[in-house]
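What follows is a short report on a single structure.
Here, residue 1 is the first one in the sequence, and each next residue gets the next number.
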Amino acid sequence: MEGMQSEGIGFADWKWRKIMTIIPVILSGGSGTRLWPLSRADYPKQLIPLAGEKTMIQQTIERVQGLNTASPIVVCNEKHRFIIAEQLREIGIEHAPIIIEPVAKNTAPAIVAACIHAEKIDPESVVLVLPSDHCIENTQAFVEAARIAVQEAQTGSLVTFGITPTFAATGYGYIESSSKGTTGTVKRFVEKPDEATAQKYLDSGNFYWNSGMFVFKASSFLDEVKTLCPEIYEATAKSMEKASVDSDFIRLEKDSFTKNPSISIDYAVMEKTKHGKVVPLDAGWNDVGSWESLWEVSKKDADGNVVKGPVVLRNVTGSLIHAHKRTVAAVGVDNLVIVDTPDALLVIKKEASQDVKHIVDTLKEAGNPCATESFMEEKK
């Protein structure tokens, strides 16, 4: 793999970094069904410019520019490889390794594969694992927290970012830290709580939302995987050994990779390790998991509406309206999500946006192609 440097992004050529290489690992395997009908399995939310002019995966990669990182490693599926490669080129990144999963096995095997490759680039490399579909408003605050995390990772810690909670959220998992407001030891991960429990977590000051972002030395993480879940390491390592390489694409060998359990990094490693650390992050984070959360992070007009495309409104408040080509008009409504695409129209109450996934499931059962097939190529 060649090092790269982009004037627009500011990546440093990793070849001169003799002491430490920081390698972003971008996880791009999600389908984003809660953002249907715009996001679909064939063209999911991370490949769409939902919260800005650039796509979410482009924003994720550009976010690390202040860390002097190496070229990123992207993990994705076969369908998205060319789209991702093109979107990387659009922001000045050439020849970034793209690891292709033959089947989806959740985050643990994907991260193991990326760390095996990162260790080949530099045995002392530190990886920064980032989902490709998060929004962070304060990039500088993120970079500063990442620098702290990198320092912790150099000592052998497996670091996660804990999002400083702003309300008693019941839709996120939580991390209990040994410290309040500063880096601490991970005491435990907890599942999504009920409202009363979430309020207790918020009041305590040492519970954080689970961000799904991590920093560790590739070697440290792989050592823990070998100890805590050797079957994942063995299956993934064998799949990497047998992988086929085509230009920048690394296709994991299917038979070996399929032997992996489908398991997250939290369950496989982070909940079991004795080396877990949590770095607080207060940077306007949002995982953009629904139309309501997209409304929350988007720029609004004077009436609290988020509008994109040919939209005409009268006496409308607190709504998100997304039009593709046809004009969408709304009168006298509030707190709605209206999303119009060439083959589907979604109209829901904003607070019910988590339930969109059930619509997608119903469409899949009926064999309706708009559940998964994308209109994005037609858009171009």
Work out which heavy atom in [X] is nearest to a heavy atom in [Y]; give both atom names and the distance.
{"X": "Ser71", "Y": "Ile93", "result": "OG-CG2, 3.9 Å"}
{"X": "Phe189", "Y": "Val186", "result": "CE1-CG1, 3.6 Å"}
{"X": "Leu228", "Y": "Ala268", "result": "CB-O, 4.1 Å"}
{"X": "Val333", "Y": "Ser319", "result": "O-OG, 4.5 Å"}
{"X": "Ser28", "Y": "His80", "result": "O-ND1, 4.3 Å"}
{"X": "Ser157", "Y": "Phe216", "result": "O-CB, 3.8 Å"}

- Message: Check this for me, if you would: do Glu241 and Lys238 make a salt bridge, where the nitrogen-to-carboxylate-oxygen distance has to be below 4.0 angstrom?
- Response: no
- Presence of salt bridge, Glu78 and Arg251, under 4.0 angstrom: yes
Counting only N and O atoms by type, is there a donor-acceptor contact under 3.5 Å from the side chain of [X] to the main-chain atoms of [Y]?
{"X": "Ser39", "Y": "Lys45", "result": "yes"}
{"X": "Thr160", "Y": "Phe214", "result": "no"}
{"X": "Ser239", "Y": "Ala235", "result": "no"}
{"X": "Ser293", "Y": "Gly289", "result": "yes"}
{"X": "Thr155", "Y": "Glu152", "result": "yes"}
{"X": "Asp334", "Y": "Thr317", "result": "no"}
{"X": "Thr69", "Y": "Gln65", "result": "no"}
{"X": "Gln58", "Y": "Thr55", "result": "yes"}
{"X": "Tyr172", "Y": "Pro165", "result": "no"}
{"X": "Asp301", "Y": "Asn305", "result": "yes"}

- Proximity of Tyr208 and Trp285 rings by center, below 6.0 Å: no
- Does the separation of the ring centres of Phe167 and Trp209 fall below 6.0 angstrom? yes
Does the side chain of [Y] come within less than 4.5 Å of [X]'s, by heavy atoms?
{"X": "Leu281", "Y": "Met213", "value": "yes"}
{"X": "Ile111", "Y": "Leu27", "value": "yes"}
{"X": "Thr182", "Y": "Pro280", "value": "no"}
{"X": "Thr327", "Y": "Val311", "value": "no"}

ILVMFWY network linking [X] to [Y], side-chain heavy atoms under 4.5 angstrom:
{"X": "Ile136", "Y": "Val150", "value": "yes"}
{"X": "Ile263", "Y": "Val103", "value": "yes"}
{"X": "Ile348", "Y": "Ile338", "value": "no"}
{"X": "Val337", "Y": "Val312", "value": "no"}

Could you check whether atom [atom1] of [X] has more than 12 heavy atoms from other residues, nucleotides or ligands sitting under 6.0 Å from it?
{"X": "Lys272", "atom1": "NZ", "result": "yes"}
{"X": "Lys349", "atom1": "NZ", "result": "yes"}
{"X": "Tyr267", "atom1": "OH", "result": "no"}

Would you compute the distance between atom [atom1] of [X] and atom [atom2] of [Y] and round it to the nearest 0.5 angstrom?
{"X": "His322", "Y": "His324", "atom1": "NE2", "atom2": "NE2", "answer": "9.0 Å"}
{"X": "Lys254", "Y": "Ser256", "atom1": "NZ", "atom2": "OG", "answer": "12.5 Å"}
{"X": "Lys105", "Y": "Ile232", "atom1": "NZ", "atom2": "CD1", "answer": "10.5 Å"}
{"X": "Ser204", "Y": "Leu202", "atom1": "OG", "atom2": "CG", "answer": "8.0 Å"}
{"X": "Cys135", "Y": "Leu50", "atom1": "SG", "atom2": "CG", "answer": "8.0 Å"}
{"X": "His134", "Y": "Gln46", "atom1": "NE2", "atom2": "CD", "answer": "10.5 Å"}

- Chi angles and distances behind the side chain to side chain contact (heavy atoms under 4.5 Å, CB included) call for Leu47, Ile84: CA-CA 7 Å; Leu47 306 180; Ile84 289 173; 3.7 Å; yes
Does the side chain of [X] come under 3.5 Å of the side chain of [Y] through a donor N or O and an acceptor N or O?
{"X": "Arg40", "Y": "Thr341", "result": "yes"}
{"X": "Thr236", "Y": "Asn260", "result": "yes"}
{"X": "Thr170", "Y": "Glu195", "result": "no"}

- Going through the distances and angles, do Val127 and Val215 end up as a side chain to side chain contact (heavy atoms under 4.5 Å, CB included)? CA-CA 6 Å; Val127 299; Val215 180; over 6 Å; no
- Only pairs at least two apart or in different chains count here, so list each side chain to side chain donor-acceptor pair (under 3.5 Å) that has a residue in residues 356-372. none
- Can a cation-pi geometry be assigned to Lys350 and Trp291, taking NZ or CZ under 6.0 Å from the six-membered ring centre and within 45° of the ring axis? no
- What do the steps show when you test Lys54 against Glu90 for salt bridge (charged side-chain N to carboxylate O under 4.0 Å, His left out), and what is the final call? CA-CA 10 Å; Lys54 294 182 179 178; Glu90 288 175 358; over 6 Å; no
- Using the test salt bridge (charged side-chain N to carboxylate O under 4.0 Å, His left out), find all partners of Glu253 that sit at least two apart in sequence or belong to another chain. none
- Message: Would Thr21 and Asp122 count as a side-chain hydrogen bond (donor to acceptor under 3.5 Å, both in side chains) here? Give the steps.
- Response: CA-CA 7 Å; Thr21 305; Asp122 180 355; 2.7 Å; yes
- Working for salt bridge (charged side-chain N to carboxylate O under 4.0 Å, His left out), residues Lys200 and Asp194: CA-CA 10 Å; Lys200 290 179 181 178; Asp194 57 32; over 6 Å; no
- Could you walk me through whether Glu86 and Arg89 pass the salt bridge (charged side-chain N to carboxylate O under 4.0 Å, His left out) test, one step at a time? CA-CA 5 Å; Glu86 176 59 28; Arg89 283 193 290 270; 3.1 Å; yes
- Message: So if I apply the salt bridge (Lys or Arg N to Asp or Glu O under 4.0 Å) rule between Asp340 and each of Lys325, Lys308, Arg326, which one comes out positive?
- Response: Arg326
- Task: Give the intermediate values and the outcome of side chain to side chain contact (heavy atoms under 4.5 Å, CB included) for residues Lys300 and Trp295.
- Result: CA-CA 8 Å; Lys300 304 170 185 64; Trp295 174 85; 3.5 Å; yes
- Would you please classify the geometry between the Phe207 ring and the Tyr201 ring as parallel, tilted or perpendicular, with 30° and 60° separating the classes? parallel
- Task: Would you sort out whether Lys277 and Thr185 count as a side chain to side chain contact (heavy atoms under 4.5 Å, CB included), showing the intermediate values?
- Result: CA-CA 4 Å; Lys277 291 287 184 70; Thr185 301; 3.9 Å; yes
